[in-house]
Amino acid sequence: MKKEDAQKLAFELRQKIEEHNYRYYVLDDPEISDAEYDGLMRQLQEIERKFPDLITPDSPTQRVGGQVQAGFAQVVHPLPMLSLDNALNLNELREFARRAKNLAPEAHLEFVVELKVDGLAVSLQYENGLFIRGATRGNGEIGEDITHNLRTVKSIPLRLREPVTVEVRGEVYMPRASFLQLNAEREKEGLPPFANPRNAAAGSLRQLDPKIAASRNLNMVTYALGASPDFRPATHYEALMTLKDLGLRITPQIEVFQTVEEVMQYCESWRERRFNLPFDIDGMVIKINDLAVQEKLGATAKSPRWAIAYKFPAEQAETRVKEITVQVGRIGTLTPIAELEPVLLAGTVVKRASLHNEDILRQKDVHIGDHVIVQKAGDIIPEIVSVVKEKRIGNEKPFTMPENCPACGSAVSRLPGEVALRCFNANCPAQVLERIVHFASRNAMDIEGLGVAGAQQLLEAGLIADVADIYQLPHKRDELLRLERKAEKSVENLIAAIEASKEQPLWRLLYGLGIRFVGERTAKLLADHYGSLDRILAATPEELEAVPEIGPKIAQSIYEFSSLKESRELIERLRKAGLNFVQEKAGDGSRTLQGKLFVLTGTLPTYSRSEATKLIEQAGGKVTGSVSRNTDYVVAGEKPGSKLTKAQQLGITVIDEAGLKELLAAKEE
Ligand code: IVH
């Protein structure tokens, strides 16, 4: 291709990609499937690879910059970033409106009500349409420059739809499903989980290496114009529409009301409905619509007089700590767990709460026998908020972490810089058990029958001592049959599951090995990149780090694993047993949605759009942007668009999220 042609094509591809981004993130109405979108991206990458000097900083391929930052530069906000006063009930809301009316008696007050997304406030600076800088709120006057991380957030446009100079403000957050997935992966990797989606989002933006933020599925909504001399909207609502036209995602579900009563009713309508949103909100924000009135009302040192937050309290309950136990994880981490008297909280029964580590246990000062207040952090994971000290009667027992591992008795200690106590005995039965269970788990080698109970029984009977021994079990049929509760049928099933697991794709094996920091995503990246286990384990840390998204910690951990004599022996035994060590091109073997065409419309209660897409694609299905006669299923959520009507006209099966889950679950059987 000639360079002029390449330049023209690159320009067109970028425009197309930006347009599809806008349809996907801002209008929530994609026209093409993810696969088609990826195709466009690949074409652009290919051109930029051949002609590197055609790369522009705002090219959609340039979201993750190569450089790890040395630190965070300070950014002085052109206008201070204030916070909001809270109203906790109708009276306080009335009081807010009355104060405003006193200060602006001639005005007819109109209120805009938005969701209060629970994330992190950020400011984005655009110059001539280009995203040049993004910063945290910091102390309100000065924030930190996190441009390198914000560029990786796909809903933040690198270029606006007009070449204007504006500052915009908004919230970066992590969808609940992504948070749960991230935490599940972190726990498997032996990392402490994040307490809630907000902390996870904050932790992701506080990284110096943009690869981490890029791997975290962060999202962003904008809710205000900042310093923007070119724009003079008359109302806040108009300002929001301007943001949307510029290509920025605004908070969904914005309404305008004339009276406080209507405002209140609308806010209350979200108290329960909020749990169906794919992200957490901690309340609603009420803003006076007229910007002239806003200006007149001004602000106190801390917060504007023209806006207020209506907060939903986190659901809490009181219960008692029956016992504190200590769990030993796969890499030997000791975690104190509060065993609770069961209590109903936000719709589920809570029986246990993690106390995370010794520092947190001390900080919260939880004793055995204490009455405690529990809440679901980010409405998901139960956590102990506080101890009801007034209820102590004197027989509560303080708890100290053991000096020896409760499973193997060896002395426990901390690695420098880590808060967690660890048992370093690689043969510790608790760790051995966890390693086997992890290896056999559904997301790894998927060997049914090797859950905690099953694996424990085999360990105790001396039939296995590590994961490689699993593959000797088919030769030990008689011993298996002699075990308690092992009927002929379950032995057959176990052996069949073990045999089948030998064909699992490479990434599952790699993930199953339980190397620290190697979660599912990392395993897939490495399997794709290297194509064989031997090549992955032969790589130097430098080579591993050159793989996109692989950081020094992961690289070092893999290298340490592969350098161990024990690991090398284990790998050889797995090879002898006939396990698949190479990348299988066809996919992951459980593809019952093979060839099925899906269209998504509306907001699903728990899955985000990209998550639903990923799950469907993993099962072999395809997601496209528009409904046609070839569509097999339309998955409809809240506020479905015209796609639903079209599906009904064409007589295409319409299912909801529960229906989708059923289809996906069917593949597991
Ligand atoms: S307006 C001058 N609108 O809540 C105040 N804030 O507690 C500008 N937040 O720092 C804030 N959703 O991080 C506004 N729709 C929304 C919001 C929102 C979330 C956050 C924001 C702010 C905090 C105040």
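Read the numbers this way: they start at 1 and go in the same order the structure lists the ligands and their atoms.
Polar contact with ligand 1: absent for Leu120 (N/O pair, distance under 3.5 Å). Backbone and side-chain nitrogen or oxygen atoms of Lys116 are examined, and one is located within less than 3.5 angstrom of a nitrogen or oxygen of ligand 1. On a distance-only criterion, Leu115 and ligand 1 share at least one N/O pair closer than 3.5 Å. For ligand 1, one of its N or O atoms has an N or O atom of Glu114 under 3.5 Å away.
Nearest protein heavy-atom contact of atom 19 (C) of ligand 1 is Val117 O, 3.2 Å. The protein atom (non-hydrogen) at minimum distance from atom 22 (C) of ligand 1 is Tyr223 OH, 4.0 Å. If you check which protein heavy atom lies closest to atom 10 (O) of ligand 1, you get Ala121 CB, 3.8 Å. The closest protein non-hydrogen atom to atom 5 (C) of ligand 1 is Leu84 CD2, 3.6 Å.
Relative to the ring axis of Tyr173, Arg198 does not place its NZ or CZ within 45° and under 6.0 Å from the centre. Annotation: cation-pi geometry satisfied between Arg161 and Tyr22 (NZ/CZ under 6.0 angstrom from ring centroid, within 45° of ring axis). By the 6.0 Å and 45° rule, Lys101 does not stack over the aromatic ring of Phe96. By the 6.0 Å and 45° rule, Arg274 does not stack over the aromatic ring of Trp270.
Looking at Glu171 against ligand 1, only its side chain comes within 4.0 Å, counting heavy atoms. Here Lys287 has side-chain heavy atoms under 4.0 Å from ligand 1, and that is the only part of it that gets that close. Contacts with ligand 1 closer than 4.0 Å are made by side-chain heavy atoms of Val285 only, the backbone lying farther away.
A side-chain donor from one of Glu657 and Thr606 sits under 3.5 Å from a side-chain acceptor of the other. Between Thr259 and Glu262, the side chains place a donor N or O and an acceptor N or O closer than 3.5 Å (distance only, hydrogens not considered).
Residues Lys302 and Asp85 are paired through a salt bridge, judged by an N-O separation under 4.0 Å between the basic side chain and the carboxylate.
Heavy-atom separations between Pro304 and ligand 1 include at least one value shorter than 4.0 Å.
Taking CD of Gln207 as the start and OG1 of Thr152 as the end, the distance is 11.0 Å to the nearest 0.5 Å.
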